[in-house]
Every structure is written in C-alpha cells, then in structure tokens.
Amino acid sequence: MVGIVKKFLIGASVAAGMSAIATAPAFAGTLTGATIGGTAASDYYVYDSDGTNTFLVPNNAANVQKALSGNAASPTGNVELRRSSEQANFDFTKNTTLTGQIGGKDITLSSLTESDWFGAGPKTYGQTNLANKWFNDFITKAGYGGVVGSGIAANMYTSFFGLGGFQASSDPNISYVNQNDSTGEISIGLAGHFNLKEAYANSPKFASFASLLPNGFQASEVVKYTYDGKTDYLYSFLATNSGLVNGAGQGADGKSHNGNYEVKMPGSKAVPEPSSVLALMALGGILASKRKLMKQA
C-alpha cells in the first residue's frame with residue numbers, strides 16, 4: 001500500500017511539473033516594444049486590416065504593434081516607412097525607422113536613403129553599390145540577365161533612376177517581424193504588389209518602364225536592418241497572395257498590399273523566459289526525487 005501511495009505522489013508531482021512547463025510563456029517569437037524613429041520620424045502610415053481590406057488608422061504605438069501581428073500564412077496590417085518617397089521635392093537624405101526587440105535583442109528596420117543606395121560615389125550604372133547590385137538582380141529576374149553590365153542595362157538603369165525608381169523602392173511596408181524559436185531565424189513580411197508590372201502599368205510615372213517587364217513580374221521594396229551588430233539590406237522577387245488589398249478608407253487604391261514578400265535573416269536563438277527555466281529546474285528536482293523514492297519503495 002505504501003508503495004502504491006508513493007507511486008501516486010510521484011506521478012502527481014511529475015504531472016504538475018509538466019503542467020508548469022506547458023503553461024510557462026513560450027520563447028519570444030514576435031517583435032515587441034515597437035517604436036517609430038529616424039530623421040523623418042513622422043513620415044509613416046499605419047494600416048490595419050479586417051481580413052480582406054487594409055485601411056489607414058491613426059499613427060500611434062498601439063496601432064503600430066497591432067499592425068505587425070501577422071505571419072506569412074495570414075498577414076495583417078502593415079507599417080509603411082517613409083510614406084512620402086514618391087512625392088515631389090522628397091528629401092532623400094532622411095529615413096524613418098521601426099525599432100523593437102525580438103529574442104531579447106534590439107532590431108531596427110529602416111527606409112533607405114540616397115547614401116544607402118549610392119554611397120558617396122557616382123550614381124551611374126557600373127558602380128559598386130547597392131543600387132547597382134539590386135538593379136542587376138531586378139533585371140535578371142525580369143529576364144535580362146544576359147545584358148547585365150552592357151549598354152542596354154545602363155540605359156535601363158538610367159531610365160529607372162530618372163523616374164525616381166530608387167526612391168519608390170525605399171519605403172518598405174512592414175507587415176510582421178517573427179522569429180523561429182528553434183533556429184533563431186527572423187522572418188520579415190513586406191507588403192507590396194503581387195503583380196508589380198501591373199502596378200507600374202497603371203502608374204503614369206512608371207508606365208513606360210512597365211513595358212520592359214514580363215507579365216506577372218514580382219519585386220518587393222527594400223528594407224534596411226540593423227541587428228546584433230550587423231547592418232544589411234533585404235528584398236525579394238517572390239510574393240504570395242496576401243488575401244488583402246488596400247480597398248477601404250482614406251487613400252484606398254484597390255490594388256496595394258495584395259502581395260506578401262517574406263525576407264529572412266539569421267538571428268540568435270531566443271533565450272527561455274525565467275518561468276520556463278524555473279519549470280525545467282523543478283522537473284529536474286521532481287525526477288531526482290522520483291528516483292530516490294523508487295529505491296526506497
């Protein structure tokens with residue numbers, strides 16, 4: 001009888017320990033403490049969504065955090081950094097940033113400035129800078145890989161530059177920032193056009209350039225990140241259908257945000273929260289007690 005009671009108590013203790021682990025908060029997996037900053041800190045939009053449409057909401061911390069609550073399977077709203085990038089007299093020297101914490105580390109996502117694209121050198125084709133790297137990737141994806149480095153590519157670059165294409169590609173719409181708890185990899189959703197050729201064709205400014213792109217061409221805007229001592233740039237040429245469209249409220253165009261471009265970067269593995277560590281320590285103590293009691297039974 002004593003042995004049965006001991007075994008019952010052991011089982012109950014182990015179950016309690018496992019329950020403590022199960023109910024302990026999971027490792028950090030989403031961006032927290034989101035704030036907006038930069039040298040153009042007021043130049044942003046926040047879009048919420050109702051599951052079908054995205055629409056403008058007031059610029060405040062609560063709405064920013066809510067807009068970033070989605071994932072690749074179900075994007076929600078988004079935060080557009082440097083919203084005035086396609087307006088006349090745009091100051092290309094300033095940026096807007098989104099800063100927060102993920103996995104216990106700070107991360108900053110930013111719109112791009114002129115110096116990000118071109119550095120301090122010439123802004124022409126053939127230079128070693130982000131503008132040339134990105135544009136060569138862009139035209140390669142569009143089927144012009146064979147002309148990279150040629151006069152044809154230089155003419156395409158000059159046309160794109162003159163249309164303000166680099167400014168227009170500098171205002172990323174951040175829809176989520178999530179982390180894989182096992183690998184530490186960070187995924188960032190960029191809301192954009194599912195069909196960029198179509199969007200260009202419907203734009204008075206880019207209609208001429210649209211004729212150079214294949215049907216269904218996809219390309220995201222570019223986002224700059226600073227994380228764990230490293231600064232780099234991310235972009236994608238592959239979108240999934242977001243199931244959303246900017247179709248309600250002020251400024252709705254009925255075509256934006258229907259594509260989700262997910263870009264990824266290495267990240268540090270999330271550290272267990274204190275409650276999880278305590279639960280694991282408790283389970284270790286329970287198992288040790290179990291072994292001791294079994295020897296006495």
Side-chain angles (χ1 to χ4, degrees), residues 28-32 34 38 44 47 54 64 67-83 85 95-103 105-113 116-117 129-142 165-196 199 216-244 256-270:
T30 59
L31 186 78
T32 59
Y44 71 101
Y47 292 90
T54 61
V64 168
L68 302 172
S69 62
N71 54 49
S74 181
T76 51
N78 65 80
V79 180
E80 180 179 6
L81 304 178
R82 206 66 168 101
R83 62 178 177 82
S85 65
N95 72 333
T96 308
T97 63
L98 169 65
T99 298
Q101 296 76 46
I102 191 162
K105 292 182 178 292
D106 292 338
I107 184 170
T108 297
L109 305 177
S110 175
S111 64
L112 273 63
T113 65
D116 288 318
W117 284 108
N129 55 28
L130 175 65
N132 276 266
K133 179 184 184 302
W134 176 84
F135 189 76
N136 284 336
D137 288 346
F138 184 95
I139 63 174
T140 296
K141 288 293 182 180
F166 290 104
Q167 292 97 307
S169 303
S170 300
D171 57 338
N173 293 63
I174 313 299
S175 56
Y176 57 84
V177 185
N178 297 330
Q179 185 171 42
N180 183 306
D181 296 333
S182 299
T183 65
E185 184 177 61
I186 296 172
S187 301
I188 301 167
L190 301 177
H193 294 284
F194 188 73
N195 185 338
L196 186 64
F217 181 70
Q218 297 179 328
S220 73
E221 292 162 330
V222 184
V223 62
K224 178 182 180 180
Y225 75 83
T226 299
Y227 171 80
D228 202 18
K230 180 180 180 180
T231 296
D232 208 343
Y233 306 88
L234 299 170
Y235 49 88
S236 171
F237 299 103
L238 180 63
T240 56
N241 194 320
S242 69
L244 303 171
S256 298
H257 309 157
N258 59 350
N260 179 66
Y261 295 84
E262 183 167 278
V263 293
K264 297 183 178 183
M265 52 180 279
S268 302
K269 290 185 179 181

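Residue numbers run from 1 in the order of the sequence given. None of the values given here were measured: they were computed from a predicted structure.
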Side-chain touch [X]/[Y], heavy atoms, less than 4.5 angstrom:
{"X": "K105", "Y": "I186", "result": "no"}
{"X": "F138", "Y": "L196", "result": "yes"}
{"X": "W134", "Y": "S169", "result": "yes"}
{"X": "D228", "Y": "S268", "result": "yes"}

For the student: nearest non-hydrogen atoms of [X] and [Y], plus distance:
{"X": "S85", "Y": "A168", "value": "OG-CA, 4.3 Å"}
{"X": "F166", "Y": "W117", "value": "O-NE1, 3.4 Å"}
{"X": "G184", "Y": "Q179", "value": "O-NE2, 2.9 Å"}
{"X": "E262", "Y": "A72", "value": "OE1-CB, 3.1 Å"}
{"X": "S256", "Y": "H193", "value": "OG-CE1, 3.5 Å"}
{"X": "S242", "Y": "G259", "value": "OG-N, 3.9 Å"}

First locate atom [atom1] of [X], then atom [atom2] of [Y], and finally report the distance between them rounded to the nearest 0.5 Å.
{"X": "H257", "Y": "L244", "atom1": "NE2", "atom2": "CG", "answer": "9.5 Å"}
{"X": "L31", "Y": "D106", "atom1": "CG", "atom2": "CG", "answer": "10.0 Å"}
{"X": "N178", "Y": "L68", "atom1": "CG", "atom2": "CG", "answer": "9.0 Å"}
{"X": "K224", "Y": "L234", "atom1": "NZ", "atom2": "CG", "answer": "12.5 Å"}
{"X": "L109", "Y": "I188", "atom1": "CG", "atom2": "CD1", "answer": "4.5 Å"}

task = Measure the acute angle between the ring planes of F217 and F237, then classify it against the limits of 30° and 60° as parallel, tilted or perpendicular.
result = tilted
Can you tell me if [X] uses its side chain to pair, donor with acceptor, with the backbone of [Y] under 3.5 Å?
{"X": "T113", "Y": "N95", "value": "no"}
{"X": "S175", "Y": "G189", "value": "yes"}
{"X": "N258", "Y": "F194", "value": "yes"}
{"X": "Y261", "Y": "Y235", "value": "no"}
{"X": "N132", "Y": "N129", "value": "no"}

Distance-only criterion, 3.5 Å: show the donor-acceptor pairs between side-chain atoms of residues 74-82 and protein atoms not counting sequence neighbours.
from: T76; atom 1: OG1; to: A67; atom 2: O; distance (Å): 3.1
from: T76; atom 1: OG1; to: G70; atom 2: N; distance (Å): 3.2
from: N78; atom 1: OD1; to: N173; atom 2: ND2; distance (Å): 2.9
from: R82; atom 1: NE; to: K94; atom 2: O; distance (Å): 3.1
from: R82; atom 1: NH1; to: D43; atom 2: OD2; distance (Å): 2.5
from: R82; atom 1: NH1; to: S84; atom 2: OG; distance (Å): 3.3
from: R82; atom 1: NH2; to: D91; atom 2: O; distance (Å): 2.4

remark   = Residues passing the ring pair (Phe, Tyr, Trp, His ring centres under 6.0 Å) test with Y233, sequence neighbours excluded, are none
task = With side chain to side chain contact (heavy atoms under 4.5 Å, CB included) as the test, would you mind laying out the steps for D171 and R83 before giving the verdict?
result = CA-CA 6 Å; D171 57 338; R83 62 178 177 82; 5.8 Å; no
request  = Using the side chain to side chain contact (heavy atoms under 4.5 Å, CB included) rule, take L112 and L130 through it: C-alpha gap first, then chi angles, then the decisive distance, then the call.
outcome  = CA-CA 11 Å; L112 273 63; L130 175 65; 3.7 Å; yes
inquiry  = Exactly one of N260, T30, N71 should register a side chain to side chain donor-acceptor pair (under 3.5 Å) with Y176. Which one does?
reply    = N260
message = Before you tell me yes or no, could you show the steps for S170 and S111 under side-chain hydrogen bond (donor to acceptor under 3.5 Å, both in side chains), namely the whole-Å CA-CA distance, both residues' side-chain angles and the distance that decides it to 0.1 Å?
response = CA-CA 5 Å; S170 300; S111 64; over 6 Å; no
query = Which of these passes side-chain contact (heavy atoms from CB on, under 4.5 Å) with Y44: V64, L98, T97?
reply = V64
inquiry  = Assess whether a salt bridge exists between D137 and K141, defined as any Lys/Arg side-chain N lying under 4.0 Å from an Asp/Glu carboxylate O.
reply    = no
key: Stepwise side chain to side chain contact (heavy atoms under 4.5 Å, CB included) check, I107 with M265   = CA-CA 11 Å; I107 184 170; M265 52 180 279; 4.2 Å; yes
